[in-house]
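Whatever order the structure lists them in is the order used to number ligands and atoms, beginning at 1.
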Amino acid sequence: MAHPLIGVSTSTTFGKDPERAYVNSAYLSAVQEAGGVPVPLPPQLDDRSIAELADRLQGLLLTGGGDLDPATFSEPPHPTLSEVSPARDRLEISLLRRFMEARRPILAICRGIQVLNVALGGSLYQDVASDPGTEIKHQQSEPRDQPTHQVKVVAGSWLARVLESEELEVNSMHHQAVKALGRGLLSVASAPDALVEGVELDDPDSSHFVLGVQWHPEELVRRDPAARRLFRAFVDASRQ
Ligand code: MN
């Protein structure tokens, strides 16, 4: 198909009145500019809707948002925990498992890399400023499209090949990060403080497109060709 259908997970105003589902339009623009058709997936979808959609979607984009419920990785909640939505956790983890099984492409951004890691049995630092503690500001106050810290990408990794770069300047809008890696994942990008900023499958022979990044490439596509290449590679992989 010329223009693959890309499922895009959304945030929700969980338990507020009115309850809403919403997604930053930068994700939708980035998918469309790369040639895909974004299909927003609100956590309010029921099991039947999810099952029907999952069969039709060709790629899955897990977006940024609130914190995962730490129960998903068997840890007590940190005091800074915010915007937890068990419904969103369930939807994303269930879609991720379907896409892993069907070997369909997955691009996991910010909260997305954390969902990918936890769904595969990994854990998270629940507040990087206090645990593990870092000199780098990972929750920038600068505009969202402004890079604020460096990332080094492992030479020869899938991510480095897609980005065509082993050194990037990225934006940073997260207070959590990957701690113990999930099964079958490899850390392929890191910040100067060694925090994980990118993961891929630990399988050199895999043709399955699964990439997670802790920064926000959807906000960088106008200024950064590497960000455009990431979305283009993801949408292209979803065409098969
Ligand atoms: Mn960061």
Side-chain angles (χ1 to χ4, degrees), residues 9 11 23-24 26-27 30 61-68 70 72-73 75 78-84 92 106-120 122-155 157-160 162-182 185-200 210-231 234:
S9 60
S11 297
V23 63
N24 289 357
Y27 294 107
L61 173 58
L62 295 178
T63 60
D67 297 338
L68 273 121
T72 56
F73 49 99
E75 287 193 12
H78 189 275
T80 60
L81 196 68
S82 75
E83 291 180 52
V84 173
E92 290 182 329
I106 299 163
L107 177 58
I109 293 177
C110 195
R111 169 190 158 92
I113 189 178
Q114 298 166 10
V115 171
L116 171 63
N117 190 54
V118 166
L120 297 176
S123 66
L124 304 178
Y125 290 115
Q126 290 191 52
D127 183 51
V128 294
S130 59
D131 173 30
T134 171
E135 293 298 300
I136 305 259
K137 201 161 119 197
H138 287 280
Q139 255 184 327
Q140 71 186 51
S141 40
E142 290 82 352
R144 298 175 66 83
D145 65 349
Q146 191 172 312
T148 57
H149 75 66
Q150 195 193 51
V151 158
K152 285 220 160 80
V153 186
V154 172
S157 61
W158 190 323
L159 186 61
V162 165
L163 297 169
E164 295 177 25
S165 179
E166 289 158 20
E167 209 170 286
L168 301 165
E169 294 294 328
V170 303
N171 49 6
S172 194
M173 292 164 261
H174 57 110
H175 87 110
Q176 301 200 333
V178 168
K179 186 159 70 176
L181 277 169
L185 288 179
L186 205 58
S187 169
V188 290
S190 53
D193 55 10
L195 273 189
V196 174
E197 291 267 346
V199 298
E200 64 187 47
V210 179
L211 291 178
V213 294
Q214 186 57 73
W215 69 93
H216 282 271
E218 81 283 2
E219 302 280 359
L220 299 174
V221 288
R222 303 234 181 282
R223 63 195 299 157
D224 180 6
R228 290 197 289 277
R229 284 194 283 270
L230 181 57
F231 274 93
F234 166 57

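E197 contributes OE2 as its N, O or S atom closest to the Mn ion (ligand 1). Taking the Mn ion (ligand 1) as reference, the nearest N/O/S atom within H138 carries the name ND1.
Not one N or O on the side chain of Q114 forms a donor-acceptor pair closer than 3.5 Å with the backbone of N117. Distance alone, capped at 3.5 Å, places no donor-acceptor pair between the N24 side chain and the A26 backbone.
The Mn ion (ligand 1) has no N, O or S atom of Q214 closer than 2.8 Å.
Looking at heavy atoms from C-beta onward, L163 lies in side-chain contact with L159 at the 4.5 angstrom threshold. At least one side-chain heavy atom of H138 sits less than 4.5 Å from a side-chain heavy atom of D193.
Of the angles at the Mn ion (ligand 1), the one spanning OG of S172 and NE2 of H149 is 90° when given to 10°.
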